[in-house]
Amino acid sequence: MEDVRIKNLSFTKRPISIPADYRPMYKIAKIVLILKNCCRSECSDLLKSHLFSWALKSQRNMDKLKEYVTNNFTTEFSVWGIEPALNRALQFAVAEKICELVDGKKYQLTEKGNKFFDLINKDDELFVEEKAFLKFIGKNKITDKRLQTMSKQWSLSYA
Amino acid sequence: MLKIRAIKIEVNTSNGLFGAEYQFESGLNIIRGNNSTGKSSLFQSILYGLGFEELLGARNEKTMQAVLKDQVEYPKGTLNDVIQSFVYLEIENKETVTIKRSVISQIRKPQLVDVFFGAHLTEPNKSYESKPMYIHDSGGASNELYGFHLFLANFLEWNLPEVVTTTGDLNKLYIQQVAPSFIKEQKSGWSDFMATMPYYGIRNTSARVLEFILNLDVFENEKRKQHIKIQKQVFNNKWSNHVSQLNKLAERSGGTLSGISETPQIINNFNNIFIQVIKDDSAISLNEYNNLQKLELEGLEKYPTGNVGSKVLGNEVFLNELNQKLNQLSLNHNLLSPELNFDKERLKQYEKQLLAVHEDLKKNKGALKVKTLGASLPSEVAFDHCPTCHQDLKDSLLPTDIEQNPMRIEDNIAFLDAQERMIQIFTEGQRKSIKDKEKQLSSYQLQLSEVRQQIRAIQQELISDERLPSVLEIEKRLNLKKRVEFFNKITEDFYLLIEELKLLSKEYEVLLRKEKNLPKDFFSLEDKNKLSNLEAYFIYLLREFNYQSKVFDNITISKESYLPVINKTLPNGFEKQYDIIFDSSASDFIRCIWAYSTALLNTSVHHNSNHPKLLIFDEPKQQDIAMEDFKKFLAELSKYEEQQVLVFASFENSDESFKASTEGLKFHLNQIQEKLIRPI
């Protein structure tokens, strides 16, 4: 075997596969679905968006949140994830005027956002499980107050 | 040939008997009548009499005009209710028969027709034998005694060919399907060459009909080809059935079948097919194995059964051997068992991975869709531009300060697709390996318990009274005998099956030879003559009728559909054929249908093929074609004096037009005065 000449070795960086959840448009679509389906006046604060965004990440998460709701909020429901990717997606969404910042802390769906929702909603093959889940939750099951108690419990038991 | 000699319509109304009667001659017959005098009713009555009303779009009396089933208006302004109506049609080939069919009748369904064996209309004074037959109901085309369409086919001396249906069965071409090649109906008959053809699930019907009309040999060849194809399918089933019988037999003997596959093949050496069994870790054929057993049995039977004492020494040696075998077997078993568990665990992981990749793939496909949706919104992000600064954006939500280069979604999908396939292959391999190992393990277990049983028996014998006969040996002999018998039976059955297999192999060889012998070029010399005749005459007529849409050099008759097509050379040098309908103006397409129908007749006259030598046109002057061109068409039709042509036309409701377009032509005129249906 010939000597391997280290000097002559070179590496090419290949594109990597990233999860669909890290695609901006995909995340924005999820945000639109959440705002439209689960938020009163299509308006939500950051924490709530994070809760649903976390739930939509996998079937397991969805099942967990669903169980929590059907058991009348009595089962143990620990931490949900907070991810920077969602914040970036929200920034994009605001810049695209798909949603807008209200009072500096809440995100609300715009007309363009509603249009995007219609496009996604019309397609029967897109987000099938996700749509069913969000419809089940609806606008009234997880209110801001509920969210507050949830996060309070969280800080009580984990902080 | 088919000649329509006469038609009679009888309508009983609340105000007495109405009707009409017309006679037709050989050669050109012009049935002239102004608009709404009942020209089409007459045309439709001819179709109805022949049972061809499906060309009008439905079956039975609903296809007929109101004048035959609801009300007759006569004189103008007075309506008379129809009580009963009949159509009589006298036709001639070698003999003459008359068909009577009801449109409205209290006692007769329209499916029922009477056939009189004679000229009931033109020579009404004689009496003729008659016979009831039926149309359309199942059996209408096949029942020898009572099916009218079968009778009609026989009457025309047509042997309607069998064609392959969409389900792969062979079915006779229906006579109604042949009719559009010589009958053109007014409303939709002029929209395509064979526009009014009823559909019965037959493949490429119009091509089959034209092959039949022109009596092409290619038909026979095509049919033979299809027939062999179907025979092969049937044979494949037979073969795989047979192989599975052999397999079952092999399984019963605890072995596997070797030397034959599930797909048919020609076998030259049948000795290569045998049942393979495992003896002492090596594979031998069942036959050899049985011979060994027989030898052993013979060896045993030479000596009388010994008693326990005489066997002690041998038994001790044997016990030793058995113990060793037991050790080896349990070692093998113990080695394989964890391996199997390991494999199963790995399979579980593969399955989990597969699920994850599948989920991921689904999400990615969703992401791609969302991106296209976003692009139509429009959104800058969907085009990988930053909505604020309009610079290029990596399609990713990872922090920008991380050095990263994500795949495009499309690539990502392809990547995951490949992954999914790879894991699928792994899983399949893993499953198979698990199955094999499980089989092996259970065989070890079986052997283990057998050996243990033997050891127990020997131990028992070693401590029993030395003067007793050896139970062990008796048992061994009996078992061996039983097994030899069992294997003999298996072998016997096996050879019976092999004998049958020899026949099957022969049959397959014959089948393959037949397939090989099919002609490569399906058209016979005569076929080629007919087609070139058709093409030449078609183009001659187009010229004659003043067709202008296309250069004549590019027009040919397709070798597949037998319909006229336009040849086009594409820029890359390839030839392509277009339906002539796409490339002709509306009036030129009517000229095409004139020319094609006439050219078919002309070719058939020259080559005496199956064409009924009858053409019927309902209002052929469509699309405001010039009178001169129409006259040329009529002039062409008037040449067929031996055959029969019926033309129903209004001549623009004017005598001048009629004169202009028929002057100097030889024809027989039937004029409908005022109204077709009038008191008689």
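Please read these numbers as outputs of a predicted model, since none were measured by experiment. Below, chain A is the first sequence line, B the second, and so on; all start at residue 1.
The cationic atom of B:K363 (NZ for Lys, CZ for Arg) does not lie both less than 6.0 Å from the six-membered ring centre of A:Y26 and within 45° of the ring axis.
Other residues, nucleotides and ligands place more than 12 heavy atoms under 6.0 Å from the CZ atom of A:F127. Counting heavy-atom neighbours within 6.0 Å of A:K13 NZ, excluding the residue itself, gives a total above 12.
Annotation: maximal heavy-atom pairing with chain B below 4.5 Å, among A:P24, A:S58, A:P19, occurs at A:P24. Between chain A and the options B:L416, B:I409, B:D411, B:L368, heavy-atom pairs under 4.5 Å are most frequent for B:I409. Ranked by non-hydrogen atom pairs under 4.5 Å with chain A, the options B:S379, B:A375, B:G366 are led by B:S379. Chosen from A:N87, A:D21, A:I28, A:L126, the residue pairing most often with chain B at heavy-atom distances under 4.5 Å is A:L126. With respect to chain A, the highest number of heavy-atom pairs below 4.5 Å among B:C386, B:A382, B:P406 belongs to B:P406. Highest contact tally toward chain A, considering only B:K371, B:K369, B:E380, B:R408, is held by B:K369 [criterion: heavy-atom pairs under 4.5 Å].
Here the rule is side chain to side chain contact (heavy atoms under 4.5 Å, CB included) with A:T143, and of A:K141, A:K139, A:R146 only A:R146 fits it.
Between the B:Q177 side chain and the B:Y174 main chain, a donor and an acceptor come within less than 3.5 Å of each other.
Proximity to chain B among residues 33-50 of chain A is not found for any residue, judged by heavy-atom separations below 4.5 angstrom.
Interface residue B:K362: only side-chain heavy atoms are found under 4.5 Å from chain A. For a residue to count as touching a neighbouring chain, one of its non-hydrogen atoms must lie under 4.5 Å from one of that chain's; by this rule B:L393 touches chain A with the side chain only. Heavy atoms of A:L86 lying under 4.5 Å from chain B are absent altogether.
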Should A:K27 and A:F92 be marked as a side-chain contact (heavy atoms from CB on, under 4.5 Å) after you check the CA-CA gap, both sets of side-chain angles, and the distance that decides it? CA-CA 10 Å; A:K27 205 73 173 176; A:F92 277 133; over 6 Å; no

Carefully, step by step, assess A:D118 and A:K122 under the rule salt bridge (charged side-chain N to carboxylate O under 4.0 Å, His left out). CA-CA 6 Å; A:D118 288 341; A:K122 246 192 291 177; over 6 Å; no

Determine whether B:D384 and B:K394 satisfy the following criterion, salt bridge (charged side-chain N to carboxylate O under 4.0 Å, His left out), listing intermediate values before the conclusion. CA-CA 6 Å; B:D384 295 339; B:K394 280 173 181 157; over 6 Å; no

Stepwise side-chain contact (heavy atoms from CB on, under 4.5 Å) check, B:T263 with B:N236: CA-CA 7 Å; B:T263 45; B:N236 277 352; over 6 Å; no

Show the numbers, then the answer: is there a salt bridge (charged side-chain N to carboxylate O under 4.0 Å, His left out) between A:K106 and A:D144? CA-CA 12 Å; A:K106 286 197 159 190; A:D144 286 357; 3.4 Å; yes

